[in-house]
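Structure record follows, encoded as structure tokens.
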Amino acid sequence: MGVAQECYTTCTKEKGKYWETFSSYGRSYLATLLAFGLFLQTCGMSAAMESKPNILLLMADDLGIGDIGCYGNHTIRTPNIDRLAKEGIKLTQHIAAAPLCTPSRAAFLTGRYPIRSGMASDNRYRALQWNAGSGGLPVNETTFAKLLQKQGYTTGLIGKWHQGVNCESLNDYCHHPLNHGFDYFYGMPFTLLNNCQKNKLPELDAALQAKLWFYTQVIALAVLTVITGKIVGLFSTSWKIVTCMALAGFLFFTLWFSSYGFVQYWNCILMRNYDITEQPMKLERTASLMLKEAISFIERNKNGTFLLFISFLHVHTPLYTTEKFLGKSRHGIYGDNVEEMDWMVGNILDAIDKEGLKNSTFTYFASDHGGQLEAQEGEVQLGGWNGIYKGGKGMGGWEGGIRVPGICRWPGVLPAETVIDEPTSLMDIYPTVAYLGGGTVPQDRVIDGHNLMPLLQGRVHQSEHQFIFHYCGSYLHAVRWHQKDSGILWKAHYVTPKFHPEGAGACYGRRICPCFGEGVTHHDPPLLFDLSQDPSETNPLSPGTEPLFDTIMSRIDKAVTEHRRTLTPVPQQLSLYNIIWKPWLQPCCGTFPFCWCDKEGDSAHDSK
Ligand SMILES: *[C@@H]1O[C@H](CO)[C@@H](O)[C@H](O)[C@H]1NC(C)=O
Ligand SMILES: *[C@@H]1O[C@H](CO)[C@@H](O)[C@H](O)[C@H]1NC(C)=O
Ligand SMILES: *[C@@H]1O[C@H](CO)[C@@H](O)[C@H](O)[C@H]1NC(C)=O
């Protein structure tokens, strides 16, 4: 952090120096050009953008902003992510559009608030729960992959998707990455979770599992009653008892199969394009397989232009970590998992270097949202650390859930060792990537992101974000206002989650804080903070302490009204109907319900 800040000051000083040069030349045209040219060169901003760059997007899952070396963590080892920041730009106010995977990633992929695509939920289910649900990223949303595909890019997704699979019938693949602009997909259509590892406490929503359980129980009972009626009539009394016991055993198996035990088979699968390669996946080799796939994609496409989105399964629970990293960090299994991911980042960057693609690749690193404070097992913290920021994953308004690491590198075009504090959003990657690839964003809809290139190249010094809206599901919880003339950063919270226990800073005992209902507090007047002075949101301002309170709030309220006017009703992808497990949509590499396969075999072990 120190080094980067140092450079920032150096660059600013250099700027001053050349302005002096400029005056001493007597304001001649030539001097202006010379000074400007030198300035650009010194800070590495030569506009060497002759050809379209490759795009490499790296996204961590549930990683906190306080979990990385270059964001101030001195005890965790993330040398590769730090190297990326050193060779590029570190964004310190990089904001996720939602504090949870499914909606945040929908926004990232489309450049739009999740509420616009129907990926923001008004019920308790704020993320997709099954591969066999019918919700997901709508077919008529246009991802950045789709835009770049049209510009001649080869596009790939490796890792987590969590944006749905099928809509109406098995294998319609309406929500699948290949239907959303990716030429190649290898990874999990769902997300990693505890259920994917035996002997871990199941993590999937218990109520939903109970519903699934109930569902199959009713079906099984109906079938059994019919069969029992028929069969039992055929036997003598002693055989009747045996038959009934056998049927009871079968019933028990069906229940177990369809619920807890087999969630692993329903959700924890790996696919290559449309093929299921592992059902259930074998966690012990997933990291090395992903890495192998990433490197091979880069090698295959080194001569063309590509967009590769590597969506890590790290550092989500169950934090499966290979032996090489186990017990090596100073922060338990969570730290081990972070360090393993950093090692993977290093390997991918090395592959880019090795192929001579470093200067022709725009590389980006971020996390989908903040670390989960509630993820604990006894005293052991299994979730990320959000540094000085309050709250975490699942909380729509508090900074810890939405302020994430954001790093951009493109040697020769973007300056190195630079820090930018302006508000930026994960949704900005959409128009940025469209611009870099020579495409244009769709004109028939609202795009909430802004092209980052002018800011990253130092051509402008303020981001285009004036207001950013912080949603929890489909509920607006808070608004950030970057007041351009004063530079002050305000944040008003209309709704905040009730912490449990009170004052704990998280909702311990629940998996995640709620967005509405009994579990939240409505604030009138809103809780207002000056984030520029109080980044940890500890001292709410009041009309008594802040003379401009009412003026500020009426400006923010007006922005909310204007924002709401741009929203239109769309089909709800996370409605109960779309969320529920539908047996007929279950991706299955056998004959349902006998779904298991391992097509990877032992081929993965050599790369370990
Ligand atoms: C570094 O990260 C670990 C793991 O999340 C965390 O426990 C620790 O508090 C962090 N340290 C600092 C100084 O931020
Ligand atoms: C890549 O860009 C850096 C920074 O501008 C430059 O120093 C280096 O020589 C370039 N490398 C190649 C192979 O062009
Ligand atoms: C996609 O289709 C839905 C349902 O017809 C519609 O409400 C929505 O506006 C469409 N979205 C876009 C981006 O066209």
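Both ligands and their constituent atoms are indexed starting at 1 by order of listing. One-based numbering along the sequence shown.
- Given atom 14 (O) of ligand 1, the protein heavy atom at minimum distance is Trp385 NE1, 2.9 Å.
- Heavy atoms only, all atoms of each residue included: Phe362 and Pro53 are closest at N-CB, 4.1 Å.
- Taking 4.0 Å as the cut-off, Pro571 counts as a neighbour of ligand 3 on heavy-atom distance.
- Nearest residue to atom 3 (C) of ligand 3 from Asn140, Val446, Val570, Thr142 is Asn140 (criterion: closest heavy atom).
- Near Gly412, meaning under 4.0 Å from any of its heavy atoms, are these atoms of ligand 2: 4 (C), 5 (O).
- Taking the ring axis of Tyr153 as reference, the NZ or CZ atom of Lys52 does not stay both within 45° of it and closer than 6.0 Å to the ring centre.
- Listed by atom number, the atoms of ligand 1 under 4.0 Å from Asp67 heavy atoms are 2 (O), 4 (C), 5 (O).
- Taking the six-membered ring where tryptophan is involved, the planes of Phe467 and Phe469 are essentially parallel, since the angle between them stays under 30° and well short of 60°.
- Interface of Arg445 with ligand 3, defined as ligand atoms under 4.0 Å from a residue heavy atom, comprises 13 (C).
- Here the protein heavy atom with the shortest distance to atom 9 (O) of ligand 2 is Asn359 ND2, 4.7 Å.
- With 3.5 Å as the limit, one finds a donor-acceptor pair spanning the side chains of Thr321 and Asn337.
- Note: Tyr364 and Phe309 fail the aromatic proximity criterion, with ring centroids not under 6.0 Å apart.
- For atom 7 (O) of ligand 1, the closest heavy atom belonging to the protein is His331 ND1, 3.5 Å.
- In summary, the aromatic rings of His175 and His180 are positioned with their centroids too far apart to meet the 6.0 Å limit.
- The closest approach between a heavy atom of Gly387 and any atom of ligand 1 is not below 4.0 Å.
- Screening Leu283, Leu192, Ile333 for a side-chain contact (heavy atoms from CB on, under 4.5 Å) with Tyr320, the sole residue that qualifies is Leu283.
- Between Tyr389 and Trp398, a ring centre-to-centre spacing not shorter than 6.0 Å is recorded.
- Protein heavy atoms all stay at least 4.0 Å away from atom 5 (O) of ligand 3.
- Of all protein heavy atoms, the one lying nearest to atom 13 (C) of ligand 1 is Asn73 OD1, 4.1 Å.
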